[in-house]
Amino acid sequence: MSETYQPHEIEVKWQRKWEATELYRSKVDWDKPKHYALTMLPYPSGDLHIGHWFAMTPSDARARWMRMRGYNVLFPMGFDAFGLPAEQAAISRNIHPWKWTYANIERMREQLRSMGAMFDWEREAISCTPEYYKWSEWFFKRFYEKDVAYRGSALVNWSESLQTVLANEQVIDGKDERTGQPVVQKMMEQWFFAITKYADELLDFEGMDWPESIKIMQTNWIGRSEGARATFHTAESARGGAISQNAENARGGATSQNAKSAYGRAGGSPSTEIGQHPIEIYTTRPDTLWGATFMVLAPEHDLVAKITTDEQRAAVEHYIDEIAAETEIERMMEHREKTGVFTGAYAINPVNDERVPIWIADYVMITYGTGAIMAVPAHDQRDFEFARAHDLPIRVVIQPEDMTEPLTEERMTEAYDGPGIMVNSDAMDGSVSSWQKGRKNPAINRVIDWLEATGKGEESVNYRLRDWLISRQRYWGGPIPMMYAGDQIIPVPDEDLPVELPEDVDFLPTGRSPLTYHEPFFKVDETLRRETDTLDTFMCSSWYQLRYLSPDCDAAPFDAEEAAYWLPVDVYTGGAEHAVMHLLYTRFFTKVLRDIGVYDDAAAAMRRHGRDPDGAFDEPMTVLRNQGQVLGGERQGHFVLCSGRVAGERMLAERVEVVDWNQVPAGFEGYFGEIAHRTENVLHLNMAGVTQFVEVQPDAEIVIPHISGENNVNQLQHHLDIQRMSKSKGNVVNPDELVAKYGADAVRCYLMFNFDWQKGGPWNENNIKGPQGWLHDIWEIVAAGAPSAAGDPSVERDIVRKLHQTIAVINRGLEEFSFNTAIAEQMKFKNALKAALRAGSIGAEVWRDVMSQVIRLLAPFAPHLAEEIWLRLGWEYSVHTQPWPEYDADLAREEMVDLVVMVNGKPRETIAVAVDIDQERAQEMALASGAAQRSLSGKAPKRTIFIPGRNGSDPKVNIVV
RNA sequence: GAGGAAGUGGCGGAAUUGGCAGACGCGCAUGACUUAGGAUCAUGUCUCUUCGAGGUGAGGGUUCGAGUCCCUCCUUCCUCACCA
């Protein structure tokens with residue numbers, strides 16, 4: 001073996017051999033412990049991105065490690081193949097979505113193969129195949145039977161540009177998260193999944209090893225809040241008498257006068273043309289009910305049309321039209337004024353029979369709570385702003401205890417939402433309201449009890465989470481297996497599943513789904529019409545981990561025997577961007593399947609094999625880890641003004657100030673420009689393509705306005721910032737080119753070595769030299785062959801010791817997804833081995849033993865290289881089925897360690913001592929050391945503390961003087 | 001506005017439970033070999049007033065001992081956002 005390391009020659013060869021020998025086929029084997037490692041499946045966009053490599057290859061390394069440790073590992077791959085891009089390609093380029101998608105899948109399969117990952121391709125699942133979506137449809141029907149799927153009318157997010165509705169989770173900042181196009185609200189009949197039924201169970205993360213941040217995001221998304229509901233009733237019509245006058249004056253906007261005078265105890269007056277409509281409100285602060293001085297309904301609220309008086313109708317309708325014309329973005333603009341109009345109607349506050357005006361305003365959301373609020377301006381900031389903007393009364397009902405003067409309307413500049421004593425609240429006066437929420441707050445607790453006793457209201461829990469809207473007005477998705485006969489909904493019989501997507505459709509630029517004008521599809525017979533909406537792709541990806549178990553199974557969505565062995569997923573890896581979408585949906589899906597009995601056969605099979613199914617189907621994935629994002633490498637440096645003396649080619653700067661681009665003062669005489677590069681204290685300034693050199697003097701003044709305190713030259717940023725990769729920025733990295741240039745193993749190792757995997761970071765191709773050099777050195781060491789001379793036993797012993805220390809670090813690194821430290825430790829060991837070999841201190845026997853372990857340690861990271869050199873050393877195929885090197889603590893233990901002598905906690909000196917040194921002897925030696933003698937100068941130490949060396953770390957003695 | 005994560009050399013990043021800060025790599029410097037070097041090899045590389053000190057965004061605290069824990073502030077990133 002004399003040739004040099006040529007990755008391209010060995011990588012494809014081994015990929016073929018692994019496939020031919022079915023090395024990665026995962027089969028149920030109850031005699032071995034199972035490990036289901038799953039990484040998020042890609043959307044077949046056409047090209048594998050470096051982000052896919054970053055997510056998948058470390059996951060692969062970990063799966064391989066588990067396999068070598070004796071687990072039966074399942075590590076499948078597939079495609080989330082429904083979705084809009086395919087349809088857009090069809091419209092813009094006249095390619096059928098099938099064709100486009102399958103061509104992309106073909107291509108991406110090859111790219112995925114080039115990773116050298118241990119994917120079991122026999123288990124591949126593709127969500128857009130009829131074999132797959134048959135079961136998505138089947139699940140839909142089961143959900144429908146159990147009232148988890150229902151058809152309802154709701155205000156939905158409508159994307160005009162995509163001509164479809166979107167789930168709440170797909171709307172970011174009022175825009176479609178994919179295209180960035182604005183989204184409007186629209187009332188539509190749609191299919192929903194009742195995810196809110198599971199809200200409380202989804203808040204329970206017991207026993208789940210998921211990142212805290214994901215749990216928090218899901219918790220916030222579900223948004224459980226505790227409070228009360230109360231029912232207000234509209235008062236009689238505002239006609240005749242003093243009240244009528246108020247309403248008439250209110251035309252064209254209520255003035256201070258009439259709004260305030262409208263506030264008062266309700267008279268017992270009669271007849272109404274409005275009628276007594278109940279208006280239910282939800283509040284987290286029932287203790288402030290007595291402070292309600294008006295009500296606000298969302299403009300979309302059902303009652304608005306019924307209660308608006310004739311006098312106010314024009315103003316109200318005008319306002320509603322204005323709101324409807326606004327997009328969600330405009331509606332979410334920050335710091336906007338509190339707008340709204342008076343409806344002319346009044347409501348009676350049930351707690352004190354007060355008559356309060358009813359307004360509509362867009363700060364009340366129809367989608368949250370009941371779409372109506374009681375407004376308590378004294379204790380809610382939004383209500384306060386609204387009251388001040390429209391001259392509505394404010395009444396303090398919670399009096400803070402620690403104020404010198406009592407809180408009054410006149411003195412308030414903002415709402416008070418802190419603790420205090422209830423006042424102006426009739427029988428509830430004196431109750432203590434704390435910072436606590438819900439029943440834990442004594443005042444709230446007391447008011448809820450009273451509301452329930454008097455029948456005026458009740459305790460209530462509210463969620464931010466809304467039911468999952470799954471209808472999409474698109475072609476390229478799983479058909480919803482439902483039919484309509486007039487108003488009647490008729491499910492497609494199971495034996496007719498799947499409802500297949502017709503292929504002979506026309507993609508017309510109407511914006512409408514081709515299914516809606518494909519008569520053979522939607523017209524079942526003269527009376528039956530098929531649903532033309534399709535399933536949200538998130539439904540397909542909610543259960544793909546189950547389809548991998550048996551992708552060819554045609555009797556059930558998955559094979560019960562396979563499920564009994566493999567479920568649940570042990571480790572799931574992927575991006576955190578799915579925190580409140582996919583990751584919440586798949587949890588919900590799993591719980592529904594459990595409740596409707598889909599797992600019953602699998603549970604029975606588990607019992608037959610002696611495994612307890614209890615809890616096995618509550619959650620889809622036991623452990624979740626999110627990788628960070630690989631970012632591009634372009635950026636801007638600080639723009640600086642430098643003043644000082646010019647000496648030859650460079651300026652010796654006494655002052656450097658960071659400024660904005662346009663802030664060069666007139667007549668400035670120094671150097672200025674963007675810092676293009678910096679080496680130590682030398683800045684390379686770029687201004688309009690001209691480079692100037694500035695040497696920052698040691699005592700120079702550095703001014704960086706946004707960083708407080710004394711600044712130094714190291715804080716100056718040069719041109720190498722980080723941005724997301726995107727085609728428009730032209731900083732996208734193509735994995736195929738990298739593989740061609742460096743080989744798959746080097747790319748894998750670079751991705752694992754140069755980033756904190758869970759954090760991600762900037763791309764810097766230069767750094768690939770590190771892992772590349774490491775792999776090269778390993779090759780060279782093997783190529784050089786076993787040394788012929790005898791080794792030095794003490795050096796050999798030391799190498800074996802270091803090897804075992806390395807094993808421990810790799811194990812910990814892989815366990816904790818700290819791939820960079822696992823590789824760093826191997827590089828370190830390689831360096832030590834190389835030095836020992838160069839010194840001729842290793843004999844043939846130890847060399848072979850060490851190499852056997854080194855190659856196995858390398859195998860999860862650089863599978864091709866490891867396989868090649870394993871073969872070349874004459875060992876049995878395959879290195880990937882070899883046992884993982886066993887860590888031996890005795891072999892790893894050092895004989896001599898450094899005793900660290902510390903003075904007041906600062907290390908001052910080290911003394912070589914035996915590893916098992918006792919406290920007494922260590923303190924004695926430390927006190928006798930030069931450092932201790934100098935610091936003590938004859939005096940006795942106040943204290944000495946001995947810190948024994950744990951797990952091979954050095955012992956320490958801290959001397960306090 | 002609410003919630004979360006994080007700030008460590010020129011750069012990517014290390015540092016079990018509080019216990020020698022800067023592992024490992026890139027870059028850089030010097031040297032060797034070279035017609036050549038953006039190749040390879042060797043050595044060095046936190047700072048300073050260098051027989052000693054100081055140093056992990058700023059300031060304070062707890063501790064024998066703090067990158068790590070607590071408080072205040074600054075900066076960056078992420079998520080949600082008029083949520084009643």
Side-chain angles (χ1 to χ4, degrees), chain A residues 172-173 211-214 216-217 219-221 223 225 227 281-285 288 296 331-336 338 361-365 367-376 380-383 385-386 462-464 576-577 579-580 629 677-682 698 706-716 718 720 722 750 753-756 759 761-764 766-771 773-774 809 812 816 818 820-821 823-828 831 898 900-910 934 941-945 947-951 953-956 958-961:
Chain A
I172 308 290
D173 289 337
E212 233 17 69
S213 58
I214 298 286
I216 288 166
M217 275 191 252
T219 301
N220 292 344
W221 186 261
S225 77
I281 59 107
Y282 169 78
T283 177
T284 54
R285 294 294 305 273
T288 63
V296 186
R331 208 168 158 167
M332 294 204 305
M333 297 265 275
E334 242 180 295
H335 303 304
R336 52 182 317 202
K338 291 277 181 295
D362 68 348
Y363 83 90
V364 174
M365 304 287 133
T367 50
Y368 186 78
T370 61
I373 62 157
M374 61 150 181
V376 184
D380 180 282
Q381 186 59 24
R382 291 151 304 168
D383 297 344
E385 285 166 19
F386 192 81
N462 195 52
Y463 300 93
R464 205 189 81 106
E577 66 273 17
V580 294
Q629 202 172 18
H677 184 75
R678 173 166 66 90
T679 307
E680 306 287 315
N681 63 332
V682 178
H706 64 272
I707 301 177
S708 61
E710 202 179 309
N711 300 129
N712 65 55
V713 69
N714 294 336
Q715 291 168 305
L716 292 168
H718 63 92
L720 192 112
I722 40 176
Y750 164 69
F753 175 69
N754 265 83
F755 301 84
D756 170 351
K759 215 169 103 194
W763 178 262
N764 183 352
N766 227 12
N767 280 341
I768 204 166
K769 286 181 186 171
W774 167 52
V809 176
R812 205 182 83 220
E816 296 172 1
S818 174
N820 51 354
T821 55
I823 290 182
E825 203 64 16
Q826 292 186 78
M827 290 179 171
K828 199 168 148 187
N831 291 344
D898 285 341
V900 180
V901 181
M902 300 171 120
V903 176
N904 291 335
K906 304 253 183 246
R908 287 293 175 254
E909 196 174 319
T910 58
R934 272 196 305 277
K942 280 191 194 144
R943 226 179 132 178
T944 55
I945 293 134
I947 304 113
R950 282 172 314 232
N951 303 333
S953 74
D954 293 326
K956 295 161 193 82
N958 189 12
I959 300 166
V960 186
V961 297

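Just so it is clear, the model here is predicted, and its values are computed rather than measured. Residue numbering restarts at 1 for every chain, and letters A, B, ... go by the order of the sequence lines.
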**Q** Would you say a side-chain N or O of A:Asn220 is under 4.0 Å from OP1 or OP2 of B:rA81?
**A**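 No, because none of the side-chain N or O atoms of A:Asn220 sits under 4.0 Å from OP1 or OP2 of B:rA81.
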**Q** Between the protein and nucleotides 39-42 of chain B, which nitrogen or oxygen pairs are less than 3.5 angstrom apart?
**A**
unit_1: B:rA42; atom_1: OP1; unit_2: A:Arg838; atom_2: NH1; d: 2.8

**Q** I'd like the P distance from B:rU16 over to B:rC69, given in whole Å.
**A**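 Approximately 12 Å lies between the P atom of B:rC69 and that of B:rU16.
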**Q** Starting from C1' on B:rA84, measure out to CD on A:Gln381 and report it in whole angstrom.
**A**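 Value for this atom pair: 13 Å.
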**Q** Not counting sequence neighbours, which residues clear salt bridge (charged side-chain N to carboxylate O under 4.0 Å, His left out) with A:Arg382? List them please.
**A**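 With neighbours one apart ignored, the set is A:Asp380.
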**Q** Quick one: list whatever passes side-chain contact (heavy atoms from CB on, under 4.5 Å) with A:Asn767, sequence neighbours left out.
**A**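 Listed in chain order: A:Tyr750, A:Asn754, A:Asn764.
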**Q** Taking side-chain contact (heavy atoms from CB on, under 4.5 Å) as the test, write out the residues that go with A:Glu577, two or more places apart.
**A**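 Counting only residues at least two positions away or on another chain, A:Glu577 forms no side-chain contact (heavy atoms from CB on, under 4.5 Å).
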**Q** So, is A:Arg464 near the phosphate of B:rA81, with a side-chain N or O under 4.0 Å from OP1 or OP2?
**A**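 Answer is yes, contact under 4.0 Å.
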**Q** On a whole-Å scale, what distance lies between the P atoms belonging to B:rG12 and B:rG7?
**A**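 Straight-line distance between the two P atoms is 12 Å.
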**Q** The criterion is ring pair (Phe, Tyr, Trp, His ring centres under 6.0 Å); which residues satisfy it with A:Phe386, sequence neighbours excluded?
**A**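 Ring pair (Phe, Tyr, Trp, His ring centres under 6.0 Å) list for A:Phe386, sorted by chain: A:Phe294, A:Trp359, A:Tyr363, A:His390.
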**Q** Does a nitrogen or oxygen in the side chain of A:Tyr282 sit under 4.0 Å from OP1 or OP2 of B:rA84?
**A**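 Result: no.
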**Q** What does A:Asp898 touch in the nucleic acid at a heavy-atom separation under 4.0 angstrom: a base, only the sugar-phosphate, or nothing?
**A**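 If one applies the 4.0 Å heavy-atom cut-off, A:Asp898 turns out to touch a base.
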**Q** With the criterion being N/O to N/O and under 3.5 Å, what pairs connect the protein with nucleotides 64-70 of chain B, and how long is each?
**A**
unit_1: B:rC64; atom_1: OP1; unit_2: A:Arg943; atom_2: NH1; d: 3.2
unit_1: B:rC64; atom_1: O2'; unit_2: A:Asn958; atom_2: ND2; d: 3.3
unit_1: B:rC64; atom_1: O2; unit_2: A:Asn958; atom_2: ND2; d: 2.6

**Q** Can you check the distance between B:rA58 and B:rU8, where both ends of the measurement are the P atom (answer in whole Å)?
**A**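 Nearest-Å result for B:rA58 against B:rU8 at atom P: 10 Å.
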**Q** Please compare A:Ile216 and A:Phe755 by the position of their nearest nucleotide in RNA chain B and report the one closer to 5'.
**A**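 Final value for this comparison: A:Ile216.
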**Q** If I pick the C1' atom on B:rU17 and the same atom on B:rG65, what distance separates them, to the nearest angstrom?
**A**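 Here B:rG65 and B:rU17 have their C1' atoms 15 Å from each other.
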**Q** Report yes if some heavy atom in the side chain of A:Val960 is under 4.5 Å from a heavy atom in the side chain of A:Asn904; otherwise report no.
**A**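 Yes. Closest side-chain heavy atoms under 4.5 Å.
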**Q** Please enumerate all residues that pass side-chain contact (heavy atoms from CB on, under 4.5 Å) together with A:Val900, with sequence neighbours excluded.
**A**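 side-chain contact (heavy atoms from CB on, under 4.5 Å) check on A:Val900 returns A:Met902, A:Pro907, A:Thr910, A:Asp954, A:Lys956.
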**Q** For nucleotides B:rU75 and B:rA15, find the distance between their P atoms and express it as a whole number of Å.
**A**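 Nearest-Å result for B:rU75 against B:rA15 at atom P: 29 Å.
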**Q** Once side-chain contact (heavy atoms from CB on, under 4.5 Å) is applied, do any residues pair with A:Ala824, and if so which ones, sequence neighbours excluded?
**A**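 Partners of A:Ala824 under the side-chain contact (heavy atoms from CB on, under 4.5 Å) test: A:Phe753.
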**Q** OP1 or OP2 of B:rA84 less than 4.0 angstrom from a side-chain nitrogen or oxygen of A:Arg285, does that happen here?
**A**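 Answer is no, no contact under 4.0 Å.
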**Q** By nearest atom, which of the nucleotides B:rA21, B:rA14, B:rA84 is closest to the A:Pro907 side chain?
**A**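 Comparing B:rA21, B:rA14, B:rA84 against the side chain of A:Pro907, the answer is B:rA21.
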**Q** Can you tell me the distance, in whole Å, between the CD atom of A:Glu816 and the C1' atom of B:rU16?
**A**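 Rounded to the whole Å, the gap is 8 Å.
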**Q** So what is the 5' to 3' dot-bracket string for RNA chain B, if pairs are Watson-Crick or G-U wobble with both distances under 3.5 Å, crossing pairs use [ ] and | means the partner sits on another strand?
**A** (((((((..(((......[....)))((((((.......))))))(((...)))..(((((..]....))))))))))))....
**Q** Identify whether any heavy atom of A:Arg908 sits under 4.0 Å from a base atom; if not, whether one sits that close to sugar-phosphate; answer base, sugar-phosphate or nothing.
**A**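 Counting heavy atoms under 4.0 Å across all strands, the contact made by A:Arg908 is with sugar-phosphate only.
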**Q** What integer number of Å spans the P atoms of B:rA53 and B:rA5?
**A**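 Pairwise P distance, B:rA53 against B:rA5, rounds to 39 Å.
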**Q** For A:Thr821, what residues pass the side-chain hydrogen bond (donor to acceptor under 3.5 Å, both in side chains) criterion, not counting sequence neighbours?
**A**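 Listed in chain order: A:Ser818.
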**Q** If you compare every side-chain N and O of A:Asn820 against the phosphate oxygens of B:rC24 (OP1, OP2), does one of them come in below 4.0 Å?
**A**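 A:Asn820 to B:rC24 OP1/OP2: no side-chain N or O under 4.0 Å.
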**Q** Search all heavy atoms of A:Ile281 against all heavy atoms of A:Ile373 and return the closest pair with its distance.
**A**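 So the minimum-distance heavy-atom pair works out to CG2-C, 3.7 Å.
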**Q** When you compare B:rU68 with B:rC48, how far apart are their C1' atoms, in angstrom units rounded to a whole number?
**A**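 B:rU68 and B:rC48 have their C1' atoms separated by 26 Å.
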**Q** Write down the distance separating the P atoms in B:rU43 and B:rC26, rounded off to the nearest Å.
**A**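 Taking atom P in both B:rU43 and B:rC26, they lie 14 Å apart.
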**Q** Of all residues at least two apart in sequence or in a different chain, which pass the side-chain hydrogen bond (donor to acceptor under 3.5 Å, both in side chains) check with A:Asp756?
**A**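 With sequence neighbours excluded, A:Asp756 shows a side-chain hydrogen bond (donor to acceptor under 3.5 Å, both in side chains) to no residue whatsoever.
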**Q** Would you mind telling me which residue lines up with the more 5' stretch of RNA chain B, A:Lys759 or A:Met374, judged by nearest nucleotide?
**A**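 Nearest-nucleotide comparison on RNA chain B picks A:Lys759.
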**Q** Is there a donor-acceptor pair closer than 3.5 Å between any side-chain N or O of A:Asn958 and the backbone N or O of A:Ile945?
**A**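 Checking the backbone N and O of A:Ile945 against the side chain of A:Asn958, no donor-acceptor pair under 3.5 Å is found.
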**Q** I'd like to check the side-chain hydrogen bond (donor to acceptor under 3.5 Å, both in side chains) partners of A:Glu909; sequence neighbours left out, ordered by chain and number.
**A**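 Partners of A:Glu909 under the side-chain hydrogen bond (donor to acceptor under 3.5 Å, both in side chains) test: none.
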